[in-house]
Amino acid sequence: MKTHILLFLTFICAPFMQAQNVMTPELLWQVKKVSPLGISNDGQSLIYKVSTPNMETNGFDSTFYKMPVGGGEATLLESAEGMVPDKNLSPNYGYQLLHKPVAVSKITGKDMYSDLPESDAYVFTSLDYRHWDTWNNGSYNHVFYKNMKTGEDTDIMPNEPFYSPQAPFGGDEDYIWSPDGTEIYYVSKKVAGTEYAVSTNTDIYKYNLQDKTTVNITPDNKGYDTQPAFSKDGTLAWLQMKTPGYEADKNDIIVLNNGVQMNLTARWNGTVNGFTWAKNSKDIYFTAPVDGTIQLFSVDYPGRTRKMPVVQQLSEGQFNVTGIVAELDKSLIVTRTDMNHATELFSFDLKSKKFTQLTHVNDAFYSKLDLPKVEKRYVTTKDNQKMLVWVILPPNFDATKKYPTLLYAQGGPQSALTQFYSFRWNFQLMASQGYIIVAPNRRGMPGHGVEWNAAISGDWGGKAMQDYLDAIDDVAKESYVDNDRIGAVGASFGGYSVFYLAGHHNGRFKSFIAHDGIFDMRSMYGTTEEVFFVNHDMGGAYWDKNNATAQKAYNEFNPINYVDKWDTPILIVQGGKDYRVPIEQGLEAFQAAQLRGIKSKLLYFPEENHWVLKPQNALVWQRQFYDWLKETL
């Protein structure tokens, strides 16, 4: 009798036990985030931070650890303060670099009129009135150096209405000391107002502490110049994009020596994410997207061993090397992810080209889960191009069954679709809810050559949209795809893609989800903050009737022009503080769907920007996302 009861309990509990073996939205927000802080002052330990989501406080709890650089047991630290060298200290330790906001312009009503201290008005006479998720209140981040003895701060950009670090995401990587501590090199885009909004012309400036003069060392380049870094022997390198106004141009490594600039990656058909000098000052290590992943590369400094620099790919595998932490004697310390695992720290042996995992912060967590299978597939596009498509299969996949399937549309549009691990667009979580995910590396993505990367600009509704359809049509031929239950989801350009496909899918899709997507190209042009982006990718202004590329964008490629063909349920997500793809995009799309009688839902986050960053909001996002798919797919 006991045996029968036990078997009965096992039978009825099995589905619930199975449910605990796959990722859920709630479990995803138990995954810990690992952030390297650097190598300890004595060179013996690796210092890192672990951030744990805290739903109660709607934030993150941080703890700090150290472990031997070669791997081993981690030790909990009370604090990481003073544990790693401070790059912001000058070589002679007399000064420290920092940045802070400085009030430069009078923009607010209370600044303009002292007798109106409660005024919350803003007055603008040019663009750059807001950026990302913040309105311009007349303050600009400036670089300072602080006298360590007296505590006196000196602004190296006095009265300048310019930003350094760059807005909105720049940090202390945007300023460095010269090797002898007599100069400060910093990144800034020294144009203001409307010119600021239409330009990508950041430059690297050199400030002399002795005479307080500033010199632009990159005046000839009109695109981005960023990430300055010195080698041990005093050679300066930085990243450079050549094309003005093109934020996703090929990113090259430039070296300056004796007044001569040399492009180390000019002949290489790729784009650099970030780099670090080797200790020998003869090589540079860098990361770059390639074939749907991010890998380690090296390039030798010319004039040393070869007349022309040679780029070599050092690592290979189905993962992303997301950053280089430090170089040891024969290895690199790096961060690494894949679609099934959040960031951990690894050591990469430069001779054997093998990785050794150093931190194991989430290993026990993942060991309790059945993980999806990630497959690499190549699809031939309509114009006979070879396109990489990631296909993520549910845990415990059974090819004899049929599964609902999601076409994932990546944002950017020039963002690489690699082995990333997101806490929102998480493929592991999507697949674990029983969906097959089809994620194409369509036109516009880096990692497949410069030409493929550039092909999206001016052609948003063209070959990239066909790439999506080619990918889903190819995978849909598989017997395990339920062709009556296919959806399309995406954010940013991916949201635009969903809005556009909603009017062109010819019955392929049963449900849509669009997050912060562009719905009307005209109103996007009139309200987005980085105008250089729409100028380049849409070809220019909508009022330029003689501009064929722009007119095609605002007419043929504009989702709003095809709402009459919408016939499919759609969930629309919009952030209230998204100034990149502003609020009217989501509201217009929802209103159109409602007035057309199409089943639709608006998920609105008043305090979130282009992303959803607060843990509780993110969990609402996840629950609404999967509730919608259960209801409509």
Side-chain angles (χ1 to χ4, degrees), residues 19-20 22-33 51-61 132-134 339 342 362 365 369 404 406 408-411 420-435 437 487-499 511-519 568-591 593-594 598-633:
Q20 293 301 308
V22 298
M23 183 66 83
T24 66
E26 291 73 20
L27 286 175
L28 179 63
W29 285 93
Q30 294 178 24
V31 174
K32 298 176 180 180
K33 300 183 179 183
S51 300
T52 305
N54 187 326
M55 280 295 163
E56 230 176 274
T57 64
N58 204 22
F60 295 85
D61 299 328
W132 189 249
D133 59 7
T134 306
M339 289 179 182
N362 290 302
F365 174 83
L369 299 177
L406 297 176
Y408 168 77
Q410 173 80 332
F420 65 81
Y421 194 89
S422 169
F423 281 76
R424 189 165 55 262
W425 293 95
N426 186 287
F427 296 140
Q428 179 185 34
L429 177 57
M430 290 183 197
S432 295
Q433 307 314 297
Y435 300 99
I437 314 303
V489 302
S492 195
F493 177 81
Y496 161 86
S497 301
V498 169
F499 288 146
S511 182
F512 290 116
I513 299 177
H515 180 142
D516 287 357
I518 299 170
F519 174 70
T568 305
I570 185 166
L571 168 64
I572 296 159
V573 187
Q574 183 67 48
K577 289 188 174 181
D578 184 355
Y579 305 150
R580 183 63 43 81
V581 182
I583 185 173
E584 79 283 344
Q585 299 297 317
L587 299 189
E588 281 188 59
F590 177 63
Q591 191 149 315
Q594 284 284 306
I598 293 168
K599 181 180 177 66
S600 50
K601 182 188 285 190
L602 174 66
L603 175 57
Y604 174 57
F605 294 100
E607 298 301 315
E608 299 285 1
N609 53 37
H610 200 54
W611 304 323
V612 180
L613 301 176
K614 298 180 179 67
Q616 289 190 18
N617 281 344
L619 194 50
V620 168
W621 188 97
Q622 300 283 6
R623 289 174 178 175
Q624 286 289 316
F625 185 97
Y626 295 108
D627 284 350
W628 178 260
L629 292 177
K630 288 176 186 175
E631 186 179 343
T632 61
L633 198 58

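FYI, the numbering just counts along the sequence from 1.
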Engineer: What is the distance from atom CZ of R580 to atom CG of D516, rounded to the nearest 0.5 Å?
Structural biologist: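 Rounded to the nearest 0.5 Å, the CZ-CG separation comes to 11.5 Å.
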
Engineer: What do you reckon, is CD of Q624 surrounded by more than 12 foreign heavy atoms closer than 6.0 Å?
Structural biologist: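 Yes, because the 6.0 Å sphere around CD of Q624 holds more than 12 heavy atoms from other groups.
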
Engineer: For the ring pair F499 and Y496, is the centre-to-centre distance below 6.0 Å?
Structural biologist: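 No, the ring of F499 stays outside the 6.0 Å limit from the ring of Y496, centre to centre.
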
Engineer: How about V498 and I570: do any of their side-chain heavy atoms sit closer than 4.5 Å?
Structural biologist: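 The answer is yes; the side chains approach within 4.5 Å.
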
Engineer: For a quick test of reading the model, state the closest non-hydrogen atom pair linking S511 to L629 and the distance between them.
Structural biologist: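 What the structure gives for the nearest pair is OG-CD2, 4.4 Å.
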
Engineer: Are the aromatic rings of W611 and W132 close, with centres under 6.0 Å apart?
Structural biologist: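 W611 vs W132: aromatic centres under 6.0 Å.
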
Engineer: Any donor and acceptor pair, going by atom type alone, linking the side chain of N362 with main-chain N or O of K32 inside 3.5 Å?
Structural biologist: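 Answer holds: yes.
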
Engineer: Would you give the length of the straight line joining atom CG of D578 to atom NE2 of H515, rounded to the nearest 0.5 angstrom?
Structural biologist: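 Nearest 0.5 Å value for the CG-NE2 distance: 7.0 Å.
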
Engineer: Testing the basics here: between F590 and S600, what is the closest heavy-atom pair and its distance to 0.1 Å?
Structural biologist: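 Scanning both residues, the minimum pair turns out to be CE1-OG, 3.8 Å.
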
Engineer: Looking at V612, is its backbone amide N or carbonyl O close enough to the side chain of R424 to form a donor-acceptor pair, meaning the two atoms are under 3.5 Å apart?
Structural biologist: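 Pair found, side chain donor or acceptor close to backbone of V612.
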
Engineer: Might you work through the side-chain contact (heavy atoms from CB on, under 4.5 Å) test for Q428 and M339, ending with a clear yes or no?
Structural biologist: CA-CA 6 Å; Q428 179 185 34; M339 289 179 182; over 6 Å; no

Engineer: If we ignore hydrogens and angles and just use 3.5 Å, is the side chain of Q433 paired with the main-chain N or O of L429 as donor and acceptor?
Structural biologist: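 Yes, Q433 side chain to L429 backbone: donor-acceptor pair under 3.5 Å.
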
Engineer: Heavy atoms only: give me the nearest G59-P615 pair and the separation to one decimal.
Structural biologist: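 Shortest heavy-atom contact: O-CG, 3.6 Å.
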
Engineer: Between E608 and L613, is there a donor-acceptor pair closer than 3.5 Å when you use the side chain of the first and the backbone of the second?
Structural biologist: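 Answer holds: yes.
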
Engineer: Does N426 reach the side chain of Y421, with side-chain heavy atoms less than 4.5 Å apart?
Structural biologist: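 They are in contact (side-chain heavy atoms under 4.5 Å apart), so the answer is yes.
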
Engineer: When you compare the side chain of Q616 with that of M55, does any pair of heavy atoms fall below 4.5 Å?
Structural biologist: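 Counting from C-beta outward, M55 and Q616 do come under 4.5 Å.
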
Engineer: Decide yes or no for M430 and W425: does some side-chain heavy atom of the first lie under 4.5 Å from some side-chain heavy atom of the second?
Structural biologist: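 In short, these two side chains touch, coming nearer than 4.5 Å.
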
Engineer: Using every non-hydrogen atom in the two residues, find where W29 and A618 come nearest and quote the distance to one decimal.
Structural biologist: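 Closest heavy-atom pair between W29 and A618: CZ2-CB, 3.1 Å.
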
Engineer: I'd like to know if the side chain of W628 and the backbone of L633 have a donor-acceptor N/O pair within less than 3.5 Å.
Structural biologist: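 Looks like no, no N/O pair under 3.5 Å.
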
Engineer: Looking at E26 and L619, would you say the former's side chain and the latter's main chain have a donor-acceptor pair under 3.5 Å?
Structural biologist: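 No; judged by distance alone, with no hydrogens or angles, the pair does not exist.
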
Engineer: If you round to the nearest 0.5 Å, how far is CG of L571 from CG of D627?
Structural biologist: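 The CG atom of L571 is 10.0 Å from CG of D627, to the nearest 0.5 Å.
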
Engineer: Give the intermediate values and the outcome of side-chain contact (heavy atoms from CB on, under 4.5 Å) for residues Y626 and Y435.
Structural biologist: CA-CA 10 Å; Y626 295 108; Y435 300 99; 4.3 Å; yes

Engineer: Within a reach of under 6.0 Å around NZ of K601, are more than 12 heavy atoms found that belong to other residues, nucleotides or ligands?
Structural biologist: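 Check passes, neighbour count above 12.
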
Engineer: How long is the straight-line distance from CD1 of I572 back to CD of Q585, given to the nearest 0.5 Å?
Structural biologist: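 Q585 CD to I572 CD1: 11.0 Å, rounded to 0.5 Å.
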
Engineer: Find the distance between OG1 (T24) and CZ (R623) and round it off to the nearest 0.5 Å.
Structural biologist: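 One finds 9.0 Å between OG1 of T24 and CZ of R623.
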
Engineer: How far apart are the C-alpha atoms of L27 and L369, what are their side-chain angles, what is the distance that settles it, and do they pass the side-chain contact (heavy atoms from CB on, under 4.5 Å) test?
Structural biologist: CA-CA 10 Å; L27 286 175; L369 299 177; 4.1 Å; yes

Engineer: Does some side-chain heavy atom of L603 sit less than 4.5 Å from a side-chain heavy atom of Q574?
Structural biologist: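 Counting from C-beta outward, Q574 and L603 never come under 4.5 Å.
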
Engineer: Is there a side-chain contact between F365 and M23, using heavy atoms and a 4.5 Å cut-off?
Structural biologist: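 Counting from C-beta outward, F365 and M23 do come under 4.5 Å.
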
Engineer: Please report the C-alpha distance between K599 and E631 in whole Å, then the side-chain angles of each, then the deciding distance to 0.1 Å, and finally whether the salt bridge (charged side-chain N to carboxylate O under 4.0 Å, His left out) criterion is met.
Structural biologist: CA-CA 11 Å; K599 181 180 177 66; E631 186 179 343; 2.6 Å; yes

Engineer: What distance do I598 atom CD1 and T568 atom OG1 have between them, rounded to the nearest 0.5 Å?
Structural biologist: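 Taking CD1 in I598 and OG1 in T568, the distance rounds to 7.5 Å.
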
Engineer: Give me the atom names and distance for the closest heavy-atom approach of V573 to F605.
Structural biologist: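 Looking at all heavy atoms of both residues, the closest pair is CG1-CE1, 3.8 Å.
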
Engineer: Indicate the atoms forming the closest heavy-atom contact of F493 with Q410, along with that distance.
Structural biologist: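 So the minimum-distance heavy-atom pair works out to CD2-O, 3.6 Å.
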
Engineer: For the pair F420 and F427, name the ring-plane relationship: parallel under 30°, tilted 30 to 60°, perpendicular over 60°.
Structural biologist: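 If you compare the ring of F420 with that of F427, the planes turn out tilted.
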
Engineer: Hey, can you tell me if F625 and W621 have their rings parallel, tilted or perpendicular (30° and 60° cut-offs)?
Structural biologist: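 Answer is parallel, since the angle falls under 30°.
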
